[in-house]
Amino acid sequence: METNLHRSSQFNEELERLRDDVIHMGTLIENQIKMATQAYVHNDVSAALQVLDNDNQVNDLEKAIDDECIHIIVKRQPTASDLRLIMSIGKIVTDLERMGDETKKIAKSVRNLQKPLHPLPADMLGIRHLADLATKQLQGALSTFAHLDTGEARSVILADDALDAEFKATVRQLITYMMEDPRTISAALEMMTMARAFERIGDHTTNIAEQVIYIAEGRDIRHTSID
Amino acid sequence: METNLHRSSQFNEELERLRDDVIHMGTLIENQIKMATQAYVHNDVSAALQVLDNDNQVNDLEKAIDDECIHIIVKRQPTASDLRLIMSIGKIVTDLERMGDETKKIAKSVRNLQKPLHPLPADMLGIRHLADLATKQLQGALSTFAHLDTGEARSVILADDALDAEFKATVRQLITYMMEDPRTISAALEMMTMARAFERIGDHTTNIAEQVIYIAEGRDIRHTSID
Amino acid sequence: MMIAPAITPASELTISPRLAKNVRRNFTERVIEFILMLAALSAVATTFAIVAILLYESLGFFKTVSVWEFFTAKEWTPLFEDAHYGIAPLVAGTLTTSAIALLVAVPIGTIAAIYMSEFASYKTREIVKPILELLVGVPTVVFGYFALLFVTPLLQKVIPDLQGFNMLGAGIVMGIMIVPYIASVAEDAMRAVPMNMREGSYAMGATRFQTAIRVVTPAAISGIVAAYILAISRAVGETMVVAVAAGQQPNLTFNPMESAATITAYIVQVAMGDLPHGSIGYQSIFAAGLVLMVMTLSFNIIGHIVRKKYREQY
Amino acid sequence: MENQNLTSTATANTSLMQNLQEVRDMIRRHKRKDIIFASVGLLALVLALLTLLTLFSDLVIDGYPKFNPDFLTEFPSRRAAHAGILSAWVGSLLVMLVTFLTAVPMGVAAGLYLEEYAPKNWLSDLIEINVSNLAGVPSIVYGLLALGLFVYGLDLGQSILTAGLTLGLLILPIVIVSTREAIRAIPASIREAAYAVGATKWQVVKDHVLKYSQGGIMTGVIIGMSRALGETAPIITIGALTFIAFLPPAPISTTAPFINFEWLSSGFTVLPIQMFNWLSRPDHAFQVNAAATGAIIILVTLLMNGVAIWLRYKIRKNIKW
Amino acid sequence: MDQVSHVTKAESRNLNFYYSNGAHALKGINMPLYENKITALIGPSGCGKSTFLRCFNRMHDLYPGNRYDGQIVMHPDNTNILADGVDPIEVRMRISMVFQKPNPFPKSIYENVAYGLRVRGGKNKKVIDDKVEQALRGAALWDEVKDRLNDLAFNLSGGQQQRLCIARALATDPEIMLFDEPTSALDPIATASIEELMTELRNKLTILVVTHNMQQAARVSDYTAYMYLGDLVEFSKTDDIFIKPKDKRTEDYITGRIG
Amino acid sequence: MDQVSHVTKAESRNLNFYYSNGAHALKGINMPLYENKITALIGPSGCGKSTFLRCFNRMHDLYPGNRYDGQIVMHPDNTNILADGVDPIEVRMRISMVFQKPNPFPKSIYENVAYGLRVRGGKNKKVIDDKVEQALRGAALWDEVKDRLNDLAFNLSGGQQQRLCIARALATDPEIMLFDEPTSALDPIATASIEELMTELRNKLTILVVTHNMQQAARVSDYTAYMYLGDLVEFSKTDDIFIKPKDKRTEDYITGRIG
Ligand SMILES: Nc1ncnc2c1ncn2[C@@H]1O[C@H](COP(=O)(O)OP(=O)(O)OP(=O)(O)O)[C@@H](O)[C@H]1O
Ligand SMILES: Nc1ncnc2c1ncn2[C@@H]1O[C@H](COP(=O)(O)OP(=O)(O)OP(=O)(O)O)[C@@H](O)[C@H]1O
Ligand SMILES: [Mg+2]
Ligand SMILES: [Mg+2]
Ligand SMILES: O=P([O-])([O-])[O-]
């Protein structure tokens, strides 16, 4: 959607800053996910701890962006697409923050896996695959938001199915391991937590994509199947 | 907080309706939780299915309330406590909707437990306890919201620790079962899903309580420890 | 947080030279104000002078003539051997001519005003109003001429036994002379009624006439009444028309067909002759002037009050 | 449901149409009054305008024989045919000069004082009341004032100075009032703006108040002067001579000091008095002279009033605060 | 939200309007007014909002040289109120108007409200009394003035005066009521009371309101029309106009963008 | 947000003000103006906003009988500008004012801006030329008028006129600038340009602005003061006032509640 500039250049700047902050928050989380994944892949506890530490930044950004939104509403009485943008950002930010939490869960699991647990038979490829998919989803959602591209938004929503399928497969595989060797149960449960976190991250990206469609088209497609 | 009336009686009505709708949504979810718990306790599949069915109402209410919020912003240019109320309701509604989703997960697990799974050694008391605690948390959050009582809000936040502890105990117990008898793994995982759902419900109630503090005091205490 | 209120040299410098200039500046300002006040006081001085002169000379007059006779005697012949000093004939003449004038001027003036403000097109009004205002500026002696040499002969065709000098012709011309005055002031008052009030009436489905009579006129009523009162004052004080056309013989009558002198006409008549300073005749015109002054002053004050009320309306 | 709606609409429809018919009849009745009043109003207006036209054309027709240059260059004479208005118009001119020099500075200064300076106290109230009363004092009373004060009191005699001062006082209220109106038309915001950048009172008056009210003041002055030109009664009252067969001494001479003031104390006559004088002669021939003089006075005053009115309209159009 | 079917009370059909100086102020406007709904007109200054509104009671006829072209059709009688044969006075008896600045007549409160009845030749005191009370009640003013009906209307506050003007307009049972920026001369408190009044009046009649205040349009109206340079750009439900307008120009105006 | 330390440019100390009719319009106001900040005054009509503002350049001295009591102290020189010995003209040379309605003099654009300099005895054409250009640039008007400096100021649009008035006030390098509802007579476009201008001017001087429009206060100001019935109820950072005011009365006013 091509947009004209506001008459008030300050308003333009404020909206620009708001959008940038959201993207920034998104990018931060993307890095968190990558770092957590790396921590998993390389069994790197310090990286995992770093992820846990960074989450403060995500939280602070959430609060700052909410604050920006409320200030813009007080100052500018936004309407139409501007208002939709701001209200949606209020929702998007919550999703991003939850993604941050999920990343934290992943990092915690990585840390827990370092404890003397009975190892799983093989390095789980599924998790890395899930991480890839989730990262792509997030990237897609952010790009969608940056360009208010509703076509892309729809792709993001549809692509989440792949993530769901991969998640289910991983879970099934983990159950098999657990059944075969009950000593793996603790480890498998940690893995399951990680898998579920990636799956949840995917869900949140679809939420963002739905908000992008609302911003761009004014249609609230939550809880409906997209056609 | 005692509040005066607006000069515009329509504005008063709109805010009243908005608050009522939130409470209504909360009560709906409370009922869902109760019904899901009953379904679990009595192994009642049809009740579980009913819960899944009812979730549409929750979803619709979420969208309707968001719509009301945006309309009030356009119409009334709310400021100060009014604006905080509306922005917070935007957040609260998301939390309520997530609670709805968690309830759905519980109902699904109840349904899955009816499949010929290897039964767990005893009826898990922990789950019923979790359900009780979660329900109380939700009731507390709703009452807190209805009265904008920040003292109560703080209690709700603190009380969540009990839920977390109970959750951890339940999980530990389930792991023990799984280890002891791998045939119980599937059932135990379902139970774990249920337990986690109740735990998440508790988390969402603390979010609501945090929002209530923001509405009443203008202080954003998210991600900080309350003192 | 706050910095200590240290005085910086820069601000010192910018302020003190200004203070030096103040003394001279303030003195000039005071002198100018004083001069202007003197000018304004001239108005007071004029009024006092008028009152003083009228009273002073009248006092001389009333030393000779009793106030009782002045107000009760029925003849005014100060210049005759057999002098009578009853102001009544002059007052009667003044009132009769003024009444005729108002009978002519009030209806015509009011109707013309309503027409101009409510019925005439914008163009008509923009042309007619200035022309009417021109009429106000025509010297009165010319109207005297007109009354004497045009209107009276015309009237005599209808009323054959009309005297050559008569109050009717003078009154009518004076009335016509005042029409523009009333029309213009009343129209101003009506025009001052805000357009939105008219629109309010039309929006209710009113016709032009209903709007004019029910809304605009009542809204402008005090302005219109003020116009009437000022017109009366004008008629009473009017000199040249009556002096030329109504005759100069004091005559205690209210019959417009007859000739009669007004207060003003008497003063003119006496002033034209060469009366010695200080004589009773000389003093009599001041006594007459005092009566005239009192009459017009009362009307002016009433008019002033009414007008003030109307200013406060919107 | 649908059906019921239709029928009720139909009945509503018919009653509405009936109602409309009644309304239309009523409007027609009401509008008749409009037409009647409009005709009467037009008549009233035409009557007033017609009078002016008649009056002017009567004067022009009557005075036509005297419309030649000689009329302006001849002194009055006992023989109507030779009589002119030289002394009258010169007299008028000189009297007006004195009037102008008296009334304008005093009137403008007084107006300025009242609007810009006067504090709200008993003195300004007194001045205020006086100005508005003076405006309503009949002109002949000014004549009496002049007679008592200038002619005998100050012993200025029946001179141009006396006449000029008298008319000056007479039009003083006009000048004051129009000065005040013109000043009042300047919005307070302009004044506040000037003060707000640090101007003093006199700077505000000189740079703004006087500047922007010039046009309005001028209008008032012209109207006052045209009034003075036509005034007869006060001049008669001071006993102006009516038969003047000489001119006052010239105000400007070729020898030093080039300017003299003797003319001020000279006897004089003015146009309206000349006309009045001829009018009171029984001989019809003089009335031709009177008519011609009247036409000239009218022409000049109309011209002056015209200029004033034009000026006023111009100002109204150009300055929109 | 409420998907009841709407009855069209009046509609402009290809309406053009030219001022006496030739200015083409309305350019082929097609727009309905739905019965018992409030329609708001918004748009930048000079876009023709007032011009359009004033066509509905033919206020433009008061000033010479103005010209209408096109139709405004009233239902159910299907009268084109701009037709040559239709007397503007008749139109004004069906469609009343409330102005920007309260403009009560310099009469008593009672006489102000009774004016429209008197203009229609009403004489019966009882009937007029009733109508006046009813109108004042309808304008939510009765309780405040019932004890001083003979007071001069000027003695009322600005907001009361405006409600009096509404009562005056109501007294003659108009089918449509026009409001031209009815609250722009009022303070926020009086504004709120007028806005509430309007939403109540909607139950009785059809309302067209011009407003500069977008939020006011959002608050009170059911439908909103956005005009620009004499064109009708968008006519939509109010809920949609302010949250998801269809036309880019509407969006730009509403969000304060450079068009 | 920005916790930089604030320099107080001026402050009112226990300021009372009485109009000539005895009305006690300001009741012991204590309030700072921070340097290079914009302070907004809000409050219901008649609460004394304009009265307070106009104390700062002693505009009340123009009308007889008004009385100040208390101090307004300017820093850094610590002058009490209400003191008897201080000439109001001197005060006005340091504190300039922009009014509600644009009020240019009926002079050329150039002369309007130059007036303040001329009043100060400025004669040097070069210096005045420079100052005029600088002021017009400062008021974001230069580009629009540089080719017609000798045109009458009335020929400018409303928004341009208001910027001209700002330029006029700027030309004399004031330390503080007062704005009394500077945009209430302007359309939204012109309003936006004035608001931006104000936020730019803040870099050069200290600003006190009265506004009826709460959103405007929220947009442009750094600090906001809420006045009620001649009292200063709350003075806070603007961000706080509109989102979490401290005083119940402020909250009620801002949210439109019945106080
Ligand atoms: N009497 C008139 N004569 C000529 N043109 C006019 C007249 N009245 C308005 N116009 C022009 O018609 C156009 C529409 O004016 P209108 O008053 O309808 O605008 P508006 O949308 O109501 O504006 P506002 O919001 O300022 O009231 C404008 O360009 C205006 O200049
Ligand atoms: N010249 C005056 N003489 C007497 N009282 C006055 C004068 N001007 C204002 N007041 C009174 O002083 C009080 C404050 O007025 P002020 O103009 O400062 O209010 P305000 O807050 O600026 O209001 P608004 O928002 O309407 O401009 C009001 O009660 C007002 O009636
Ligand atoms: Mg999923
Ligand atoms: Mg004010
Ligand atoms: O954050 P969730 O509990 O919704 O997964």
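Just so we're on the same page: letters track the sequence lines, and every chain starts at 1.
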Colleague: Among B/Met87, B/Arg222, B/His223, single out the residue with the greatest number of heavy-atom pairs under 4.5 Å to chain A.
Modeller: B/His223
Colleague: Between chain B and each of A/Leu83, A/Asp95, A/Ile175, A/Asn207, count heavy-atom pairs under 4.5 Å; write down the option with the most.
Modeller: A/Leu83
Colleague: Heavy-atom distances under 4.5 Å only: say whether B/Asn56 touches chain A with side chain, backbone, both or neither.
Modeller: neither
Colleague: Would you check, one step at a time, whether the test side chain to side chain donor-acceptor pair (under 3.5 Å) holds for A/Asn54 with A/Gln50?
Modeller: CA-CA 6 Å; A/Asn54 289 348; A/Gln50 182 65 46; 2.9 Å; yes
Colleague: Tell me whether A/Arg98 contacts the main-chain N or O of A/His204 through its side chain, where contact means a donor paired with an acceptor under 3.5 Å.
Modeller: no
Colleague: Test your reading of the model: is there a side-chain donor-acceptor pair from A/His71 to the backbone of A/Asp67, 3.5 Å cut-off?
Modeller: yes
Colleague: Output the option from A/Met179, A/Met192, A/Gln77 having the highest count of non-hydrogen pairs under 4.5 Å with chain B.
Modeller: A/Met179
Colleague: Do A/Thr103 and A/Gln32 have side-chain N/O donor and acceptor atoms under 3.5 Å apart?
Modeller: no
Colleague: Okay, side chain of B/Ser8, backbone of B/Phe11: is any donor-acceptor separation there less than 3.5 Å?
Modeller: yes
Colleague: Say you draw a straight line from CD1 of A/Ile215 to OG1 of A/Thr150; how long is it, rounded to the nearest 0.5 Å?
Modeller: 11.5 Å
Colleague: Considering only heavy atoms, which portion of A/Ile185 lies under 4.5 Å from any heavy atom of chain B: side chain, backbone, both, or neither?
Modeller: side chain
Colleague: Please flag which part of A/Asp55 lies under 4.5 Å from any non-hydrogen atom of chain B: side chain, backbone, both or neither.
Modeller: neither
Colleague: For chain B, which candidate among A/Ile73, A/Asp60, A/Thr79, A/Val171 shows the most heavy-atom pairs at distances under 4.5 Å?
Modeller: A/Ile73
